[in-house]
2 protein chains.
Amino acid sequence: MASPDTRTQILDAAEVIFAERGFSGASVRAITDLAGVNLAAVGYHFGSKRDLIAAVARRVIEPINVAQNVGLDRLLEQAPEPQVADLVSAFVGPLFDEIPADDIGGSRKSLLIMTIITDPAKEMRNWMGSTEAAVRDRYRTAFMRALPNISSAELEFRMRGLLAVVAVDRIEMNNRGTLDSSDELSGVSTRRWAMAFLVAAMKAPSQ
Amino acid sequence: MASPDTRTQILDAAEVIFAERGFSGASVRAITDLAGVNLAAVGYHFGSKRDLIAAVARRVIEPINVAQNVGLDRLLEQAPEPQVADLVSAFVGPLFDEIPADDIGGSRKSLLIMTIITDPAKEMRNWMGSTEAAVRDRYRTAFMRALPNISSAELEFRMRGLLAVVAVDRIEMNNRGTLDSSDELSGVSTRRWAMAFLVAAMKAPSQ
DNA sequence: GTTCGTTTCATACGATCGTATGAACTCTAA
DNA sequence: TTAGAGTTCATACGATCGTATGAAACGAAC
């Protein structure tokens with residue numbers, strides 16, 4: 001069953017280093033040094049750096065996908081056709097919930113998510129699509145019922161916008177978070193701002 | 001004055017390689033190989049890889065900033081207080097204009113822009129802020145007049161959303177552009193979709 | 001206490017990285 | 001034609017990269 005300690009320590013350290021330097025900019029040695037474990041531990045527990053990247057990404061993304069699924073389940077229980085605002089909240093909410101804004105680990109995770117989304121290494125997108133695409137499909141059909149005038153393609157564009165706004169905002173907030181002091185205030189505000197911004201955007205008349 | 005050929009060939013090749021592999025994932029050798037020039041040419045023309053990154057980023061960002069400035073100038077000539085839709089168009093338009101959607105170089109540039117925005121290497125943000133921040137300030141004051149009920153902080157959030165939606169969309173379109181065939185259609189649509197989405201979002205009531 | 005699967009360790013390998021160097025080449029001006 | 005600045009070239013250096021290896025350490029079962 002493998003001692004969970006070393007494995008977890010590596011995952012935690014990798015999350016930090018990957019967020020700081022990107023996937024290819026991070027060295028296995030930097031990760032094992034931060035984790036306080038032996039260099040060879042990565043090979044033993046994960047096989048290769050590529051597999052470590054996959055494990056780290058999975059650990060960050062999975063709870064978000066689960067929360068998005070649960071949120072949509074709860075909405076569909078209450079009403080067969082949820083409102084746009086509720087769908088937006090259920091979709092982007094987990095990005096705020098699973099990524100605490102004020103602590104260091106939170107900003108680290110948001111950076112990591114964007115690293116995952118935008119990393120040029122295409123390996124990511126292959127193994128990620130499985131569950132992530134399923135969640136997005138569920139939400140898209142729900143959005144299609146709530147916004148019958150919007151075409152499927154345009155809806156996909158808008159859903160991408162949901163993720164983009166929240167993810168980029170968290171990154172930017174983190175970048176200045178190291179300089180500014182009282183970003184707790186803007187941290188709480190951001191969620192309200194994002195909801196107002198995104199709900200209005202989703203409801204925009206079809207173009 | 002240095003033969004502009006080699007320098008430009010390096011910049012062109014670096015744009016491709018950086019977009020494909022990220023800054024730290026790209027090797028100088030890969031760039032010079034693609035450019036068909038000698039390895040040492042990077043050292044001679046740019047000094048170091050870091051300086052090459054700066055030069056590439058500057059070449060991509062600068063025309064966008066210029067176009068954004070020109071667009072705002074033109075709006076302010078016509079009316080002292082431009083409308084929201086016009087401001088949005090002038091702000092995100094250059095991202096479409098300077099980055100053709102259908103050709104390969106276009107999607108490459110959009111990827112590169114996102115690489116610049118999100119790259120964990122913080123060196124970027126230092127030398128970039130100079131002119132970029134000035135443009136954003138001009139637009140923020142213009143938006144503040146058009147949207148007097150929105151606080152300055154929330155407005156900054158919303159302007160970040162403008163860039164995020166467009167940039168992420170271009171990346172995603174590029175990612176699937178390699179698979180799909182007829183994305184010229186969605187390429188043209190995207191601009192209209194972005195405008196509808198973003199204008200509605202900017203006009204959202206304050207929260 | 002000895003055995004044996006599991007985990008950690010120090011260490012080494014070949015590849016590749018960014019950069020530096022000095023010779024060879026090109027081209028213009030005298 | 002020659003002098004010299006500007007540019008390109010082949011090549012090498014040390015550092016660091018991901019990965020592999022085999023010995024040491026550990027812990028539970030008998």
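- Salt-bridge check for R192(B) with E154(A): failed, with every basic side-chain N at 4.0 Å or more from each acidic carboxylate O.
- Checking the phosphate oxygens (OP1, OP2) of dG6(D), no side-chain nitrogen or oxygen of H45(B) falls inside 4.0 Å.
- Regarding Y44(A), its OH atom lies at a distance of 13 Å from the C1' atom of dA25(D), rounded to whole Å.
- Salt bridge status for D12(B) with R59(B): present, with a side-chain N to carboxylate O gap under 4.0 Å.
- Between the side chain of K49(B) and the backbone N or O of A26(B), at least one donor-acceptor pair lies under 3.5 Å.
- Applying the salt bridge (Lys or Arg N to Asp or Glu O under 4.0 Å) test to D33(B) and every residue at least two apart in sequence or in another chain returns nothing.
- Every residue meeting the salt bridge (Lys or Arg N to Asp or Glu O under 4.0 Å) condition with R140(B), not counting sequence neighbours, appears here in chain and number order: D137(B), E156(B).
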Any protein N or O atoms within reach of nucleotides 14-20 of chain D? Criterion: under 3.5 Å, listing atom names and distances.
residue : atom : partner : partner atom : Å
dC17(D) : OP1  : S27(A)  : OG           : 3.3
dG18(D) : OP1  : A26(A)  : O            : 3.3
dG18(D) : OP1  : K49(A)  : NZ           : 2.8
dG18(D) : OP2  : V28(A)  : N            : 2.8
dG18(D) : N7   : R29(A)  : NH1          : 2.8
dG18(D) : O6   : R29(A)  : NH2          : 2.8
dT19(D) : OP2  : K49(A)  : N            : 2.7

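- The pair R58(B)-D51(B) does not meet the salt-bridge criterion, since no charged nitrogen lies less than 4.0 angstrom from a carboxylate oxygen.
- dG27(D) atom P lies 13 Å from atom CG of D5(A), rounded to whole Å.
- At dT7(C), none of the side-chain N or O atoms of T6(A) fall inside 4.0 Å of OP1 or OP2 (strictly under the cut-off).
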